[in-house]
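Quick caveat, the model's predicted, so the values are computed rather than measured.
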Amino acid sequence: MSLTNKEAEMALVSADTRISELLSELHQLIKQTQEERSRSEHNLVNIQKTHERMQTENKISPYYRTKLRGLYTTAKADAEAECNILRRSLDKIAEIKSLLEERRIAAKIAGLYHDSEPPRKTMRRGVLMTLLQQSAMTLPLWIGKPGDKPPPLCGAIPAASDYVAKPGDKVAARVKAVDGDEQWILAEVVSYSHAANKYEVDDIDEEGKERHTLSRRRIIPLPQWKANPETDPEALFQKDQLVLALYPQTTCFYRALIHTHPQRPQDDYSVLFEDTSYADGYSPPLNVAQRYVVACKEPKKK
């Protein structure tokens with residue numbers, strides 16, 4: 001169900017109020033983090049000094065053993081306390097980002113735009129490419145607790161079968177081009193009809209053109225978290241796996257093979273796009289962010 005202009009304006013005010021509250025709460029959590037870190041540093045210095053005394057005396061007495069056990073127990077508790085504060089901070093940041101997206105959609109409905117967010121029909125291509133790059137860079141990293149499995153839409157893990165993308169979500173959408181051929185484009189969800197089982201989406205690069213109505217099988221939700229190669233390598237696409245990847249400086253997805261996967265959280269995939277102009281049928285390696293790499297269900301070309 002779409003919002004009226006009046007409802008959109010009310011949603012803007014509500015979002016602004018909540019964002020202000022969350023920013024205040026986040027500021028307090030950041031202060032707590034610094035206080036916790038300063039307190040724990042004193043304990044870490046004691047651990048280091050105790051080890052230095054043990055080396056000087058060249059022995060591990062029962063006294064030092066007991067003292068170190070107590071110091072390390074305290075250090076572990078301090079680290080866990082700081083970790084909990086940081087997780088709460090990340091939750092606040094995620095909520096703020098979600099509210100900012102809701103605010104953007106409400107502003108779009110109400111016909112109101114921030115100076116830094118002009119209507120899409122006036123957005124220059126260079127600005128759009130910069131925004132897409134920023135979206136990839138700021139995609140949150142999944143940080144689970146010990147033993148947690150990465151959730152759906154983390155890295156290469158697909159959405160659940162009953163998942164419905166929300167308005168404002170970015171997706172890969174299969175549409176018919178002007179020449180009749182089909183292609184995968186980067187699109188933004190406008191709405192979803194449960195009765196018709198279809199999405200309405202806007203081409204992220206279209207300037208006031210026709211809106212697309214597509215069935216669920218023509219929509220692939222983009223990742224909502226980056227996978228950490230150091231802790232969750234199973235949530236990444238593997239070498240030679242067939243994917244759809246956003247071709248650099250475009251808003252279209254093309255079939256590609258994974259050449260190398262990220263080694264660090266901030267790294268991109270290196271992919272080989274299918275390209276018949278090359279002797280082996282593939283382009284040289286090109287970098288594509290985790291945000292813009294999704295599974296391709298079609299078979300590899302022989």
Side-chain angles (χ1 to χ4, degrees), residues 1-3 11 15 90-91 93-106 108-109 132 135-136 138-145 147-175 182-204 211-228 231-238 241-246 251-256 258 261-262 265 269 288-298:
M1 184 175 67
S2 58
L3 297 175
L90 289 172
D91 289 341
I93 292 169
E95 191 174 348
I96 290 168
K97 288 184 69 174
S98 177
L99 283 167
L100 286 171
E101 181 63 13
E102 289 176 15
R103 190 192 186 288
R104 183 185 68 82
I105 295 167
K108 182 179 176 182
I109 293 168
L132 295 183
S135 176
T138 58
L139 188 68
L141 179 71
W142 168 254
I143 303 175
K145 295 179 181 178
D148 282 355
K149 296 275 188 188
L153 294 179
C154 173
I157 300 176
S161 59
D162 60 349
Y163 177 80
V164 174
K166 303 184 299 296
D169 281 358
K170 305 302 185 291
V171 297
R174 190 173 186 176
V175 301
E182 295 199 331
Q183 61 181 2
W184 288 94
I185 63 167
L186 179 60
E188 180 178 297
V189 173
V190 176
S191 64
Y192 177 75
S193 168
H194 288 275
N197 208 27
K198 289 186 176 181
Y199 284 99
E200 279 196 335
V201 302
D202 283 340
D203 184 337
I204 205 78
R211 182 165 287 173
H212 302 280
T213 302
L214 304 169
S215 62
R216 289 182 63 165
R217 63 185 178 83
R218 289 178 169 268
I219 297 290
I220 304 175
L222 297 190
Q224 294 183 354
W225 296 276
K226 279 187 263 192
N228 189 342
T231 57
D232 303 300
E234 73 281 5
L236 292 167
F237 293 109
Q238 301 303 307
Q241 194 167 347
L242 182 65
V243 297
L244 290 171
L246 196 71
T251 57
C252 290
F253 291 84
Y254 297 98
R255 292 158 56 101
I258 298 296
H261 58 69
Y269 284 101
V288 182
Q290 282 197 51
R291 171 71 162 162
Y292 303 122
V293 180
V294 296
C296 180
K297 298 177 183 178
E298 303 164 5

Judged by atom type as modelled, is there a donor-acceptor pair below 3.5 Å linking the side chain of [X] to the main-chain atoms of [Y]?
X: Y269; Y: F237; result: yes
X: K97; Y: T138; result: yes
X: Q290; Y: A227; result: yes
X: R216; Y: Y163; result: yes
X: Q224; Y: L222; result: no
X: K170; Y: G168; result: yes

**Prompt:** Does a salt bridge link D148 with K145, judged by any charged N lying under 4.0 Å from a carboxylate O?
**Reply:** no
**Request:** Looking only at non-hydrogen atoms, find the nearest pair between W225 and P152 and report the distance.
**Result:** CZ3-O, 3.4 Å
**Asked** Taking all non-hydrogen atoms of both residues, which atom of P221 and which atom of V294 are closest, and how far apart?
**Response** O-CG1, 4.0 Å
What distance separates [X] [atom1] from [Y] [atom2], expressed to the nearest 0.5 Å?
X: L186; Y: C252; atom1: CG; atom2: SG; result: 9.0 Å
X: I185; Y: R174; atom1: CD1; atom2: CZ; result: 12.5 Å
X: E200; Y: S191; atom1: CD; atom2: OG; result: 4.0 Å
X: Y199; Y: D169; atom1: OH; atom2: CG; result: 8.5 Å
X: L214; Y: N197; atom1: CG; atom2: CG; result: 12.0 Å
X: L99; Y: E101; atom1: CG; atom2: CD; result: 11.0 Å

**Prompt:** Can I220 and F253 be said to form a side-chain contact (heavy atoms from CB on, under 4.5 Å), step by step?
**Reply:** CA-CA 11 Å; I220 304 175; F253 291 84; over 6 Å; no
**Request:** Show the numbers, then the answer: is there a side-chain contact (heavy atoms from CB on, under 4.5 Å) between E182 and R218?
**Result:** CA-CA 11 Å; E182 295 199 331; R218 289 178 169 268; 2.7 Å; yes
**Asked** Hey, mind stepping through W142 and T231 against side-chain contact (heavy atoms from CB on, under 4.5 Å) and telling me if it holds?
**Response** CA-CA 10 Å; W142 168 254; T231 57; over 6 Å; no
**Request:** Show the numbers, then the answer: is there a side-chain contact (heavy atoms from CB on, under 4.5 Å) between L132 and Y292?
**Result:** CA-CA 9 Å; L132 295 183; Y292 303 122; 3.6 Å; yes
